[in-house]
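See structure below.
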Amino acid sequence: MSCTDSDRTDIILPPENEPDRQFYYMDRVRELAADIARAEGRKLTYHIQTFGCQMNARDSEKLAGILERIGYERTDTEESDFVIYNTCSVRENANNRVYGRLGKLSNYKKANPSMMIAMCGCMMQEPDEIEKIRKTYRFVDIVFGTHNIYKLAELMYERMRSGETVIDIWEETDRIVEDIPNSRKYSFKSGVNIMFGCNNFCSYCIVPYVRGRERSREPKDIIREIERMVADGVKEVMLLGQNVNSYGKTLENPVSFAELLRGISQIDGLERIRFMTPHPKDLSDELIETMAEIPKICRHIHLPLQSGSSRILKAMNRHYTKESYLPDVSITTDIIVGFPGETEEDFEDTLDVVRKAEFDSAFTFIYSPRVGTPAASMPDRIPDEVTKRRFDGLLSAVSEGAKKRCGLDVGKTLPVLVEEINAQDKSLVTGRLSNNTLVHFEGGESLIGQIVNVRLTQSKGFYYIGEADKTTDKEVM
Ligand code: SAH
Ligand code: SF4
Ligand code: F3S
């Protein structure tokens with residue numbers, strides 16, 4: 001019973017089970033990387049460039065965790081020994097930006113022969129992009145997709161051993177690998193995946209094709225991950241999924257999103273819970289009630305509208321109408337203009353909802369046709385100049401509404417989680433209210449990661465100026 005079989009297989013053969021197999025490869029690559037570092041007489045560095053949404057940002061933290069365990073150190077520059085582009089394909093210009101930068105990387109590689117370049121993320125799930133990299137960007141060393149990021153160490157090992165380009169793309173997966181290391185960007189807040197993929201197939205959207213079918217993590221795995229984060233200093237979590245309202249439906253023992261929230265809210269030391277993105281078609285009363293009940297859940301919902309025209313919403317396959325969209329809470333949103341067939345009247349409907357809802361803020365997008373999605377072959381493309389005019393009109397309607405809403409809390413003292421030193425004025429710090437609005441106030445480095453009571457003295461449209469409240473204690477006495 002002393003020297004176990006598993007000890008021995010660890011040395012000779014890679015284990016079959018995950019995550020053990022990946023830890024095995026992390027150790028092997030660590031040895032190979034240490035040899036390179038010794039030969040070069042310096043530490044090896046890595047750089048990850050993340051394009052796209054918070055899912056990708058969280059994936060990058062997992063990639064960073066693996067690389068740090070292998071012995072690479074993070075650096076801000078792309079002139080480094082291991083560069084990863086974690087790509088997004090939600091709109092056309094996202095794809096173009098990647099290729100623009102990739103060209104430059106090849107020059108760095110000529111100057112540093114031990115440099116490796118990896119490409120991953122949503123764009124890599126599109127076969128045309130893989131062809132393009134194979135043909136035109138042959139200096140790329142490793143290519144993988146959205147379903148197998150946990151395998152980075154194994155892919156690096158293959159690349160280092162064979163000297164050949166390694167391309168590993170899976171069309172689909174039903175597995176979720178837990179307990180892969182990760183390295184957070186912020187010490188005090190973190191994204192947490194609660195589910196992967198999407199089953200909604202909105203007619204404009206490529207995400208279901210590049211992220212696969214919806215799968216939820218087990219509540220106990222999510223809670224265990226958050227407990228560990230809290231022990232490590234995290235105060236705020238952002239629960240991530242493409243449609244968090246349908247969380248838990250595919251689990252062996254189904255659990256609702258509201259039930260998950262209740263479970264997470266019981267974690268001692270966790271102060272704030274956010275989530276994105278809920279889908280308007282199934283925003284449940286249970287969820288709104290749970291938010292009202294539990295103070296740790298932030299007073300903010302990002303609820304993408306996409307269009308205010310019920311006709312266009314139908315063509316978009318969104319399953320709700322102009323009338324059923326508006327709940328009575330503070331919301332931010334996403335809106336697309338220029339969807340095929342969008343008339344002036346449809347656009348007026350969108351403006352109408354924007355004016356009534358007075359969104360706290362909105363991400364606005366010009367429709368971008370994505371090959372393979374139903375909308376890409378719909379008739380009546382909207383000319384660029386019309387889209388541009390509508391886009392500008394939408395922006396001003398959004399900012400008028402936001403100004404009205406942001407002003408509402410002037411004079412109040414509210415808790416702010418401080419995130420960073422203000423980029424423009426180093427005497428200020430910047431943080432967020434529970435409802436996600438930014439607040440700038442006088443303070444220093446020591447406040448980062450702290451929750452501070454701040455009196456909101458002035459509204460600036462999308463954000464507040466405030467003062468740390470030093471009088472609270474005295475007033476109480
Ligand atoms: N799951 C989320 C959104 C994920 S994509 C939801 O359903 O709300 C983020 C945003 O990108 C979308 O809300 C949409 O506004 C925008 N978007 C997606 N596909 C697009 C396309 N083809 N053209 C323009 N904007 C798009
Ligand atoms: Fe795309 Fe719709 Fe899924 Fe959101 S819900 S990721 S917009 S298909
Ligand atoms: Fe982009 Fe993929 Fe997110 S396409 S928006 S990175 S899910």
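Start at 1 and go down the list; that is how both ligands and their atoms are numbered. Every heavy atom of this structure was used, including side-chain atoms; hydrogens, water molecules and symmetry mates were not.
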Among all the protein's non-hydrogen atoms, which is closest to [atom], and how far away is it?
atom                    : value
atom 4 (S) of ligand 3  : Ser89 N, 3.3 Å
atom 7 (S) of ligand 2  : Tyr204 OH, 3.4 Å
atom 1 (Fe) of ligand 2 : Cys205 SG, 2.3 Å
atom 2 (Fe) of ligand 3 : Cys122 SG, 2.2 Å
atom 5 (S) of ligand 2  : Asn200 ND2, 3.5 Å
atom 8 (S) of ligand 2  : Cys202 N, 3.3 Å

Has ligand 1 got any nitrogen or oxygen that is less than 3.5 angstrom from a nitrogen or oxygen of [X]?
X      : answer
Asn243 : no
Arg370 : no
Tyr204 : yes
Thr277 : no

Of Ile66, Leu67, Ile84, Leu63, the residue whose pairing with Tyr46 passes side chain to side chain contact (heavy atoms under 4.5 Å, CB included): Leu67
Would you call [X]-[Y] a salt bridge at under 4.0 Å N-O?
X      : Y      : value
Arg228 : Asp179 : yes
Asp174 : Arg215 : no
Arg311 : Asp349 : no
Lys189 : Glu419 : yes
Arg432 : Glu236 : no

Does the residue Ile206 have a heavy-atom contact with ligand 1, meaning some pair of atoms that are separated by less than 4.0 Å? no
Sub-4.0 Å heavy-atom approach of Arg318 to ligand 1: yes
Can you tell me if Gln242 has a non-hydrogen atom under 4.0 Å from ligand 3?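 The answer is yes, since Gln242 has a heavy atom less than 4.0 Å from ligand 3.
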Please state whether Met55 comes within less than 4.0 angstrom of ligand 3, counting heavy atoms only. no
Please work out whether any backbone atom (N, CA, C, O) or any side-chain heavy atom from C-beta onward of Cys53 is under 4.0 Å from ligand 3, and answer side chain, backbone, both or neither.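 It is both backbone and side chain that touch ligand 3.
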Ligand-residue contact atoms, ligand 2 with [X], heavy atoms, under 4.0 Å:
X      : result
Pro208 : 8 (S)
Val207 : 6 (S)
Phe201 : 8 (S)

Given the side-chain rings of Tyr320 and His279, with only the six-membered ring counted for Trp, is the space between their centroids under 6.0 Å? yes
is_close_aromatic(His47, Phe82), centroid dist under 6.0 Å: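 Aromatic pair excluded; centres sit 6.0 Å or further apart.
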Over-ring placement of Lys132 relative to Tyr99, 6.0 Å and 45° cut-offs: yes
Just checking, Arg97 and Phe51: is the charged tip under 6.0 Å from the six-membered ring centre and within 45° of the axis? no
What's the verdict on salt bridge (charged side-chain N to carboxylate O under 4.0 Å, His left out) for Lys104 and Glu78, showing C-alpha distance, side-chain angles and the deciding distance? CA-CA 9 Å; Lys104 248 207 319 200; Glu78 294 188 353; 5.6 Å; no
Taking backbone and side chain together, does Cys88 place any N/O/S atom at a distance below 2.8 Å from atom 2 (Fe) of ligand 3? no
Counting heavy atoms only, which of Met316, Gln306, Gln242, His319 is nearest atom 4 (Fe) of ligand 2?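 Going through Met316, Gln306, Gln242, His319 one by one, Gln242 has the nearest heavy atom to atom 4 (Fe) of ligand 2.
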N/O/S atom of Cys198 inside 2.8 Å of atom 3 (Fe) of ligand 2, strictly under: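 An N, O or S atom of Cys198 is closer than 2.8 Å to atom 3 (Fe) of ligand 2, so yes.
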So, His302 and Asp334: side-chain donor and acceptor under 3.5 Å apart, yes or no?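 Asp334 and His302 do have a side-chain donor-acceptor pair below 3.5 Å.
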Closer than 4.0 angstrom: is that true for some heavy atom of Arg318 and an atom of ligand 2?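 Per 4.0 Å heavy-atom rule, Arg318 contacts ligand 2.
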